[in-house]
There are 2 protein chains.
Amino acid sequence: MHYFVFMGIASNDKINRTTLRDVAQLAGVSEISVSRVMRNAPNISDALRQKVISAANTLSYTPNRVAGALRNQSSNLVAVVLPSMSNEVFSAVLDGAETVLAKHGLNAVLGLSNYSRERELQVVRELLSWSPSGIILTGLHHDACIEGMIRQQGIPIVQIMDIEGNPLDSAVGISHTKAAEAAADHLYDRGFRKIGYIGAWREQPDRSRARRLSFASRLDTLGIPLVAAKIAEERSSALVGSAATADLCSEHPEIDAIFYANDDLALGGLFHAMSEGLRIPEDMGFLGFNGIEIGKATPTPLSSIETPRYEMGVRAAELLLNSEGKNLVVDLNFKVFQGGTT
Amino acid sequence: MHYFVFMGIASNDKINRTTLRDVAQLAGVSEISVSRVMRNAPNISDALRQKVISAANTLSYTPNRVAGALRNQSSNLVAVVLPSMSNEVFSAVLDGAETVLAKHGLNAVLGLSNYSRERELQVVRELLSWSPSGIILTGLHHDACIEGMIRQQGIPIVQIMDIEGNPLDSAVGISHTKAAEAAADHLYDRGFRKIGYIGAWREQPDRSRARRLSFASRLDTLGIPLVAAKIAEERSSALVGSAATADLCSEHPEIDAIFYANDDLALGGLFHAMSEGLRIPEDMGFLGFNGIEIGKATPTPLSSIETPRYEMGVRAAELLLNSEGKNLVVDLNFKVFQGGTT
DNA sequence: AACCTAATTGACAACGATATCAATTTACTT
DNA sequence: AAGTAAATTGATATCGTTGTCAATTAGGTT
């Protein structure tokens, strides 16, 4: 008895897995014929197919994808690289992508970059070593090496979230510029004139920074420059949003509405205002970003820019599958949801 | 020019990837030596190591894990099978697991079962065909075939979420029975006597059903039987919780507190009560389950049974890595968080 | 019956890494 | 200096599948 050790996980000797050979022997045909039947290759007689299928069933044979991938230089894996999982945005994207991929017999291998360029590079390198048949990246900005690495594999790339920039290949997302402008316009239309902004966590991902800048510039155009922007140090959360809102309001009592980098922050702000007994939206308006479900259930539903996160995952997966339409940029629609907070 | 087609994704011919052989030639050593250096195998002279490393760097060589996995009959992939991604519980688990796995050079391959036994079986079969070095399953109840399939691979299994039952191997989770009893006790201690329960979506996952039953039985013991339980048809969400709460309260006006299957539902209930102008917790108490972050930021923080979801993922991954300690059952602690709603 | 095309089946090599065992070199003893 | 053990390096076979091309069989024609 000896042990296989791989990367820290040790396991007992494994019973030899049933292979094509076993099935072939039982069925009395060649291995390659079994292979063909399993893959539904053309030009197989019904007789042979039957023999193989029944043999495969009795042995409950499952093809070894590792071997197949080695031979084919390509697997049914799709690499999905996201910055983090602790953000409902990305889990929704992953959900959408996985759902579509699964329908086509593809499996998602997950990599988290933690918003770090270097980590992302490392993760991509690792995932590429699995000869995935496609890769989904988040955002348009990556380490310079990444493009070359992926191109060398000749696999389709889909970048998600952002579409303003130069995609490596295809991209699905929304225009954060337009979304921010729509936010500014909405607040203006609703009569707010002294507007603040709250973000968090060094504005990771950098898309939120882009939004803030577009938002501010739009407010300038409207003649009501941003009163103040506060970027909390911590990761986004309702509690952080609550605290930041309290701070911003005390520092700038004139502010009559706040646009937030995301709904978690915005809900925190909204809750803060409710605790303070403010009238909403008369005393203070709140506009979030993403349109998460819970924001619709608050006593005063949270106004927010709704983004199609799940759909983004779905479309990303679909783009991978239809590599015929290359270099496509899919601009998904966001929507201004007017709850009761604006 | 011809095409590789695999499972619906077609890609152009790929430039030949750089292999061990290329590195070996450049370094003037044998392939196996390169392999050893790359894997940090012992008994390698510094001279050789240097030659190899510099050659590998100039070629920017990345080992092909597919080939390695085939030879080793084991990969650095870990199969993670979850019911769904549209539930913050599972994304937190995945987050925790991925973080630990990544530290050890392992990659997570994701499979979603959609709460279906058959789908889960299928997914497991698929993932096993990648010779993962371990597998994480959700819950303790699976198709009968699953155990055999995994055992055949001789890889460690960790089941998460639940620990009450017969784990296949190791398990990490909480005692849902005890958690439900703690919930009942807490409500009793806080003076509530007419208690209701709200769940959703056919009580998927079935753990929530187990909780409801333990909860009800504990209330019986306390001499204050459950007034009513309402299981909404739809998937859990704050809106559903809101509606269910409204219904339950009008059907049973005597109810003075509600225990929810999860925080989404509970927040919905809380928001409903706030809209109605109820005094909380005097008129109505609310107790959630999971302790999600946003519940701490509401004007009246939501009381909830806090569950260690992220940690569950972490511990699950750690258990996989330390397969020496087999058949471990890790009972993580839940905690009754008393916000202001009880 | 001889012949030809099309359909079906199979033999073989290859994908890239690594376990095994053998060969070589080095280091150390006496 | 000879001998032995230890460290280092290499040759070979192998993991399970599938692309390529060759071989066989079936089906139809004249």
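In what follows, every chain begins at residue 1, and chains take the letters A, B, ... in the order their sequences are listed. Since the structure is predicted, the reported quantities are computational estimates derived from the model, not experimental observations.
- Summarising the geometry, the separation between CH2 on B:W130 and C1' on D:dC15 is reported as 14 Å, rounded to the nearest angstrom.
- The shortest distance between the side-chain N/O atoms of B:Q73 and the OP1/OP2 oxygens of C:dT18 is not below 4.0 Å.
- Taking atom CG of B:L20 as the reference point, atom P of C:dA19 lies 12 Å away to the nearest angstrom.
- For the OP1/OP2 pair of C:dA17 and a distance below 4.0 Å, the side-chain nitrogens and oxygens of B:R65 include no atom meeting the criterion.
- Between C:dC15 and A:N72, no contact under 4.0 Å exists linking OP1 or OP2 to a side-chain N or O.
- Close to C:dA19, at under 4.0 Å from its OP1 or OP2, lies no side-chain N or O of B:R71.
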Between protein and nucleic acid, restricted to nucleotides 8-12 of chain C and to nitrogen or oxygen atoms under 3.5 Å apart, what atom pairs and distances do you find?
{"residue": "C:dT8", "atom": "OP2", "partner": "A:N43", "partner atom": "OD1", "Å": "3.4"}
{"residue": "C:dT9", "atom": "OP1", "partner": "A:S45", "partner atom": "OG", "Å": "2.6"}
{"residue": "C:dT9", "atom": "OP2", "partner": "A:S45", "partner atom": "N", "Å": "2.9"}
{"residue": "C:dT9", "atom": "OP2", "partner": "A:S45", "partner atom": "OG", "Å": "3.3"}
{"residue": "C:dG10", "atom": "OP2", "partner": "A:S30", "partner atom": "N", "Å": "3.2"}
{"residue": "C:dG10", "atom": "OP2", "partner": "A:S30", "partner atom": "OG", "Å": "3.0"}
{"residue": "C:dG10", "atom": "OP2", "partner": "A:S33", "partner atom": "OG", "Å": "2.5"}
{"residue": "C:dG10", "atom": "N7", "partner": "A:R36", "partner atom": "NH1", "Å": "3.2"}
{"residue": "C:dG10", "atom": "O6", "partner": "A:R36", "partner atom": "NH2", "Å": "2.6"}

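- Residue A:R17 contributes atom CZ, which lies 11 Å from atom C1' of D:dC15 at whole-angstrom precision.
- Taking CZ of B:R65 as the start and CG of A:L127 as the end, the distance is 9.5 Å to the nearest 0.5 Å.
- When the side-chain nitrogen and oxygen atoms of B:N64 are compared with OP1 and OP2 of C:dC15, none of them lie within a distance under 4.0 Å.
- Rounded to whole angstrom, the span from the CZ atom of A:R39 across to the P atom of D:dT17 amounts to 11 Å.
- For B:E318 and B:R315, the salt-bridge test passes: some basic side-chain N is under 4.0 Å from an acidic carboxylate O.
- Around atom CG of B:N57, more than 12 heavy atoms belonging to other residues, nucleotides or ligands sit under 6.0 Å away.
- For the atom pair CE (B:M149) and CD1 (B:I135), the distance works out to 7.5 Å, reported to the nearest 0.5 Å.
- With the end axes of the helix from C:dA1-D:dT30 to C:dT30-D:dA1 each set by five pairs, the angle from one to the other reads 40° at 10° resolution.
- Checking each of A:V123, A:V109, A:L110 against B:N107 for a side-chain contact (heavy atoms from CB on, under 4.5 Å) leaves exactly one that passes, namely A:V109.
- When the P atom of C:dA14 is taken as reference, atom CG of B:L70 falls 17 Å away, rounded to whole Å.
- The side chain of A:Y61 places an N or O atom within less than 4.0 Å of a non-bridging phosphate oxygen (OP1 or OP2) of D:dT17.
- Residue B:L82 holds its CG atom at 10.0 Å from CG of B:N87, rounded to the nearest 0.5 Å.
- For the pair B:R21 CZ and C:dT18 P, the interatomic distance rounds to 14 Å; values are reported in whole Å.
- Here the rule is side-chain contact (heavy atoms from CB on, under 4.5 Å) with B:I157, and of B:L319, B:D169, B:L320 only B:D169 fits it.
- Side-chain contact check for A:L332 versus A:M312: some heavy-atom pair is nearer than 4.5 Å.
- A:E31 is linked by a side chain to side chain donor-acceptor pair (under 3.5 Å) to A:R21, counting only residues two or more places apart in sequence or in another chain.
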